[in-house]
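Taking it in order: structure first as structure tokens, then the write-up.
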There are 2 protein chains.
Amino acid sequence: MAKDDHAGVDVAEFIATVGLRHAYRLSYLTSAIVTAGYDAVKRETGLIRGEYLLLLCLSHQKISTAQDVARMTRRPRNTISRAVHRMLDEGYIDRAPDPSDGRQSKLTITAKGRAMQTRIEQILSEREEEVVAPLSADDHASLDAILQKLVRHAASLKD
Amino acid sequence: MAKDDHAGVDVAEFIATVGLRHAYRLSYLTSAIVTAGYDAVKRETGLIRGEYLLLLCLSHQKISTAQDVARMTRRPRNTISRAVHRMLDEGYIDRAPDPSDGRQSKLTITAKGRAMQTRIEQILSEREEEVVAPLSADDHASLDAILQKLVRHAASLKD
DNA sequence: GGCACATTGTTCCAAATGGAACAAGAATCT
DNA sequence: AGATTCTTGTTCCATTTGGAACAATGTGCC
């Protein structure tokens, strides 16, 4: 009868009253988009988060080290390290020791990896579009500008 | 020398070129704010995510069931179930069987729990303010409006 | 050069996480 | 009323996760 199928709670109303500026809403939305997409990717491709993040990074950044990926994704290095091994085994990426720095290796995505990454972005995009459907073109532009500003700043913070 | 302390990657530039509308930026920011705050909370209070989310929900919603909390936080029921037990043990919440529905129990936050929740919101707020510092008042208003719109819509999607 | 310190990638391990199955109660249908 | 289906909260278990310690290499400083 009510417009809301769910039982008792009005999620939106709760979220409007939380004593934090944007954190809770951001977190909720990220769950709604990313976590849901993440589950879909795992179901359809078997890849888990660290793995497709790795592919995503390598597809847009021609060459990176594992550490770079860790920074770009804000995930701990050991997570990325594991992902690198699995993606090497699957033939999605290549690795070559860096001659100028013996500690690190340069990672590149293979053609097979790029195909997989395209498929993954497709899956994530579908879910995202579903969630952001109610935004106007102006909204999209504003959101984009604000998020870019925030990301730029957040990336400069230590930790 | 460069304005960026880090080694090679320009995170912001990468994030600007990802082939997804907002998903990656949202995810990155949520990490920067929430995950960092989450670590701080764990360090300072010993509470983990499911647990402080539970307190957060109960502090703003006078009475809820575990299922309500699961929906408000987009976390699986078993996570919340565990959190309920631990918070009961700590005396942060109370639980009373619902006479009108034998399956569920009504949860309420105690005074002790409310004190803890205040402290947690403080910690999370600090980190959030640090990240959103570069936003103007207009930005805040826009972001707020957009996020509310999105949350409302996301909450209505199944899954 | 040598010595302290930082960085990269890795392994280990304890903890958190979430899917699946379950029991008990409620709702629906005939 | 009984049968079927749904919902709530829980336990079980396998997987994911990330902190800490580590070896190997690089950097800065005297």
Side-chain angles (χ1 to χ4, degrees), chain A residues 1 5-9 27 31 34-43 46-54 63-89 93 95-107 158-159, chain B residues 1 5-9 31 34-43 45-54 63-89 93 95-107 158-159:
Chain A
M1 294 304 106
D5 304 327
H6 296 320
V9 251
S27 170
S31 271
V34 178
T35 312
Y38 159 74
D39 289 344
V41 169
K42 182 152 98 179
R43 234 184 358 259
L47 298 195
I48 63 177
R49 185 155 48 157
E51 292 164 2
Y52 76 67
L53 284 176
L54 173 58
I63 287 190
S64 308
T65 66
Q67 176 75 307
D68 289 339
V69 176
R71 271 198 279 265
M72 290 193 276
T73 59
R74 288 196 155 263
R75 296 224 170 271
R77 288 197 309 285
N78 54 7
T79 300
I80 305 299
S81 174
R82 276 187 292 252
V84 166
H85 290 306
R86 276 180 290 203
M87 300 324 259
L88 281 172
D89 288 349
I93 66 172
R95 177 164 67 169
D98 182 349
S100 74
D101 187 336
R103 293 167 303 179
Q104 64 192 13
S105 293
K106 299 292 200 176
L107 306 174
K158 53 248 144 261
D159 227 20
Chain B
M1 294 301 106
D5 303 326
H6 296 321
V9 251
S31 270
V34 178
T35 311
Y38 160 74
D39 290 344
V41 169
K42 182 151 98 177
R43 232 183 359 258
T45 72
L47 298 196
I48 63 178
R49 184 156 48 158
E51 292 164 1
Y52 76 68
L53 284 175
L54 173 59
I63 287 189
S64 308
T65 65
Q67 176 74 305
D68 289 339
V69 175
R71 272 197 279 264
M72 290 193 277
T73 59
R74 287 194 156 264
R75 267 169 231 296
R77 288 196 309 286
N78 55 7
T79 299
I80 305 299
S81 174
R82 275 187 292 252
V84 166
H85 290 306
R86 275 180 291 203
M87 299 323 260
L88 280 172
D89 288 350
I93 67 173
R95 177 164 67 169
D98 182 348
S100 73
D101 187 336
R103 292 166 304 179
Q104 64 192 14
S105 294
K106 300 292 200 176
L107 306 174
K158 52 252 145 259
D159 227 22

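Proteins get letters first, then strands, A, B, ... in listed order; numbering begins at 1 in each.
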| Is the side chain of B:Ser81 donor-acceptor paired with the backbone N or O of B:Arg77 at a distance under 3.5 Å, no angle test? | no
| Is the backbone N or O of B:Ala36 less than 3.5 Å from a side-chain atom of B:Asp39, with the two atoms forming a donor-acceptor pair by type? |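 Looks like no, no N/O pair under 3.5 Å.
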How long is the line joining [atom1] of [X] and [atom2] of [N], in whole Å?
X        : N      : atom1 : atom2 : answer
B:His85  : C:dT17 : NE2   : C1'   : 16 Å
A:Asn78  : D:dG18 : CG    : C1'   : 5 Å
A:Leu107 : C:dT8  : CG    : C1'   : 12 Å
A:Leu88  : C:dG9  : CG    : P     : 12 Å
B:Arg75  : D:dT16 : CZ    : C1'   : 14 Å
B:Lys106 : C:dG25 : NZ    : C1'   : 15 Å
A:Asp68  : C:dT8  : CG    : C1'   : 11 Å
B:Tyr38  : D:dG19 : OH    : P     : 9 Å

| Quick one: which of B:Arg86, B:Lys42, B:Arg82 gives a side-chain hydrogen bond (donor to acceptor under 3.5 Å, both in side chains) with B:Glu51? | B:Arg86
Just checking [X]: base, sugar-phosphate only, or nothing, at a heavy-atom cut-off of under 4.0 Å?
X        : answer
A:Ile48  : sugar-phosphate
B:Arg95  : sugar-phosphate
B:Arg82  : base
B:Asp101 : sugar-phosphate

It should be established whether [X] places a side-chain nitrogen or oxygen under 4.0 Å from OP1 or OP2 of nucleotide [N].
X       : N      : value
A:Arg71 : C:dT8  : yes
B:Ser81 : D:dG9  : no
A:Thr79 : D:dT17 : no

| query | Under 3.5 Å, is there an N or O donor on one side and an acceptor on the other linking the side chain of B:Arg77 and the base of D:dT8? | reply |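 No, no donor-acceptor pair under 3.5 Å.
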| message | Which is more 5' along DNA chain C, the nucleotide nearest A:Thr35 or the one nearest A:Ile80? Just name the residue. | response | A:Ile80
| Hey, which of these two, B:Arg49 or A:Val84, hits DNA chain C nearer its 5' end, going by closest nucleotide? |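 Result of the comparison: A:Val84.
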| note | Result for 5'-nearest mapping on DNA chain D, choosing between A:Ser100 and A:Arg86, is A:Arg86
| task | Between A:Lys42 and A:Arg103, name the one whose nearest nucleotide on DNA chain D is closer to the 5' end. | result |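 The residue whose closest nucleotide sits nearer the 5' end is A:Lys42.
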| request: Check whether any side-chain heavy atom of A:Ser27 sits under 4.5 Å from a side-chain heavy atom of B:Arg74, and report yes or no. | output: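 No. Closest side-chain heavy atoms not under 4.5 Å.
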| Do A:Leu107 and A:Leu54 have side-chain heavy atoms sitting under 4.5 Å apart? | yes
